[in-house]
Amino acid sequence: MNATRDLHILGIETSCDETGAAVVARTAGGAGAILSNLVRSQLKEHAAFGGVVPEIAARAHGEVLDGMIAAALADAGLDLDTIDAIAVTAGPGLIGGLLVGVVTAKALGLARAIPVLPVNHLEGHALTVGLTEGVPPPYLLLLVSGGHSQLLAVHDVGRYERLGTTLDDALGEAFDKTAKLLGLGFPGGPEVERWAQGGDPKRFALPRPMVGRAEPHFSFSGLKTALRQEAVKLGTLAERDVHDLCASFEQAIVESVADRVRTAMAIFRRKVAPEAPLRLVAAGGVAANRKLRAVLGAEAGKAGFSLHVPPVALCGDNAAMIAWAGAERLARGLEMPADFEARARWPLDAAAPKAIGAGVKA
Ligand code: KG4
Ligand code: ZN
């Protein structure tokens, strides 16, 4: 079902360490367009701490958000009177940051009589390919970010079935912790990727976690520990060692993820109607990794799936994906309560059982 008119949605994103404000259009026919998309990273504020400090994040969002909203509207050539709704990330994420976005959205909505739509940040990542490529559900989704690693059957907008999740660290978290251990910068994913170039991926025999398991779950903490042991054995690390450790780590990761995705593709093929096209979508910050994108492309090809990944700039956190998810829900008349709270935890598939493992997050 589609809306009968074009929609213009203002999106707001403050769930972690990027402040985002964007305006997205959705035609009555369902085509999306980004009219503006501003992202301000808080990297500098958190750099000294080697990770995101929640209190600093919330304050930094608060300092810039109103100016960014004004700039996003101006860039789009619109104002609040021509906006149909405000879509705001209501979770999951760091509660202080979420509150900054939610309170700002509610205040604007109340003052100007504009509907405010609570959006699940993960749904933003999950639906981005609809905005960038016009790819609609159903599809199999690999969602890999700093806080989540999941394989989901996206049956429709708003209908998610979790097939697999991580038993310990999220994939981005594994990259970040490994980078920290090796004395590289934050966020660790792009740093590890850069150092892996020119390194020997076979020098260190690291485990390929979960390979061959029937359920497409992930686990990365054993791999992270194995890498630490190799680094400790070496003592002082030469540049060559860091290149080789990063290359070996990245290789182990992509082989493990490829196996998990293969398993999930087989499950997805059985679950979706036989006439549905077979599509694999990758999203979230880690989907920016070039080696992972290449390996996923090869695996998808072998299984008869097409691969769809957002452009690198839209893999990380941004408000365009939040605006788009809001637009997709609004166009379908899906429930979006006006009276809502920010939520630190908000799984896409609320019915999925908790996976057994240490440090499970979703
Ligand atoms: O989706 P995202 O921007 O924020 C969350 O919602 O978590 O994902 C951030 C995560 C970080 O852990 C970062 O290290 C990782 O994505 N990441 C990467 C790459 N770029 C970002 N991991 C591996 N390779 C990359 N090129
Ligand atoms: Zn994210």
Side-chain angles (χ1 to χ4, degrees), residues 11-20 22 37 39-43 46-47 50-52 54 57 61 89-94 97-98 101 119-129 141-150 152 166 168-182 184-197 199 218 220 223-224 246-247 249-254 256-257 281-296 309-322 324-325 344-348 361-362:
I12 296 175
E13 159 62 38
T14 58
S15 69
C16 191
D17 60 344
E18 343 261 0
T19 314
N37 187 23
V39 181
R40 183 192 173 273
S41 166
Q42 301 177 352
L43 261 185
H46 301 292
V52 179
H61 288 305
T89 303
L94 301 172
L98 290 169
V119 170
N120 183 317
H121 177 87
L122 303 174
E123 187 166 49
H125 283 301
L127 301 179
T128 299
V129 290
L141 172 68
L142 171 70
L143 179 54
V144 275
S145 69
H148 294 85
S149 296
Q150 300 194 348
L152 297 136
T166 181
D168 39 59
D169 291 348
L171 183 49
E173 192 181 358
F175 271 100
D176 294 338
K177 287 179 176 170
T178 295
K180 196 170 186 176
L181 172 86
L182 297 176
L184 310 177
F186 182 86
E191 290 287 316
V192 171
E193 178 171 32
R194 198 160 56 79
W195 279 86
Q197 277 165 33
F218 302 95
F220 300 111
L223 171 59
K224 188 187 63 192
C246 286
F249 176 79
E250 200 181 46
Q251 186 64 30
I253 291 280
V254 296
S256 170
V257 173
V281 170
V286 187
N289 186 278
R290 271 163 293 184
K291 185 154 202 168
L292 183 63
R293 291 164 90 105
V295 166
L296 290 175
V309 193
V312 169
L314 291 172
C315 283
D317 291 346
N318 65 87
M321 70 181 191
I322 302 305
W324 177 247
R345 190 174 175 278
W346 186 0
L348 278 180
K361 299 199 176 62

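Whatever order the structure lists them in is the order used to number ligands and atoms, beginning at 1.
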CG of Asp17 to NE2 of His46, rounded to nearest 0.5 Å, is 5.5 Å

inquiry  = Is there a polar contact, in the sense of an N or O pair closer than 3.5 Å, between Phe175 and ligand 1?
reply    = no

Quick note on ligand 1: atoms under 4.0 Å from a heavy atom of Gly147 include exactly 7 (O)

Between the NE2 atom in His125 and the CG atom in Leu348, the distance rounded to the nearest 0.5 Å is 10.5 Å

Rounded to the nearest 0.5 Å, the CZ atom of Phe220 sits from the OG1 atom of Thr178 at a distance of 11.0 Å

Discussion item. I'd like to know if the side chain of Ser149 and the backbone of Leu171 have a donor-acceptor N/O pair within less than 3.5 Å.
Written reply: yes

| Is there an N/O/S atom in His148 at a distance below 2.8 Å from the Zn ion (ligand 2)? | no

So is Arg290 touching ligand 1 or not, going by heavy atoms under 4.0 Å?
no

Does Pro187, backbone or side chain, put an N or O under 3.5 Å from an N or O of ligand 1? no

Look at ligand 1 and say whether Gly188 reaches it with a heavy atom at a distance under 4.0 Å. yes

Check your understanding: Taking the non-hydrogen atoms of His121, is any one of them nearer than 4.0 angstrom to ligand 1?
Key -> yes

* Would His121 count as a contact for the Zn ion (ligand 2), in the sense that one of its N, O or S atoms lies under 2.8 Å from it? -> yes

All heavy atoms of Ala179 vs all of Val192, minimum pair found to be CB-CG2, 3.9 Å

The reported gap from CD in Glu18 to CZ in Arg40 (rounded to nearest 0.5 angstrom) is 10.0 Å

Would you say that more than 12 heavy atoms from the other residues, nucleotides or ligands in this model lie under 6.0 Å from the NZ of Lys180, or not? no

In this structure, atom 24 (N) of ligand 1 is nearest to the protein heavy atom Asn289 ND2, 3.1 Å

Out of Asp176, Asp317, Val39, the nearest non-hydrogen contact to atom 5 (C) of ligand 1 is supplied by Asp317

Among N, O or S atoms, Asp317 approaches the Zn ion (ligand 2) most closely through OD1

On a heavy-atom basis, the closest approach of Ala196 and Ala247 is O-CB, 3.5 Å

Shortest non-hydrogen pair, Pro187 vs Glu191, comes out as O-CG, 3.7 Å

Is there any N or O on Gly172 that sits under 3.5 Å from an N or O of ligand 1?
yes

If you scan protein heavy atoms around atom 15 (C) of ligand 1, the nearest is Val286 CG2, 3.9 Å

If we number the atoms of ligand 1 from 1 as shown, the ones under 4.0 Å from a heavy atom of Gly316 are 3 (O)

Atom 17 (N) of ligand 1 has as its nearest protein heavy atom Gly285 O, 3.6 Å

Closest to atom 18 (C) of ligand 1 by heavy-atom distance, out of Gly146, Cys315, Gly189, Ala170, is Gly189

Closest non-hydrogen contact found for Arg293 with Val312 is NH1-CG2, 3.8 Å

In ligand 1, the atoms that come under 4.0 Å of a heavy atom of His125 are 1 (O), 6 (O)

In ligand 1, the atoms that come under 4.0 Å of a heavy atom of Glu193 are 25 (C), 26 (N)

Between Asn37 and Ala22, the two heavy atoms sitting closest are OD1-CB, 3.6 Å

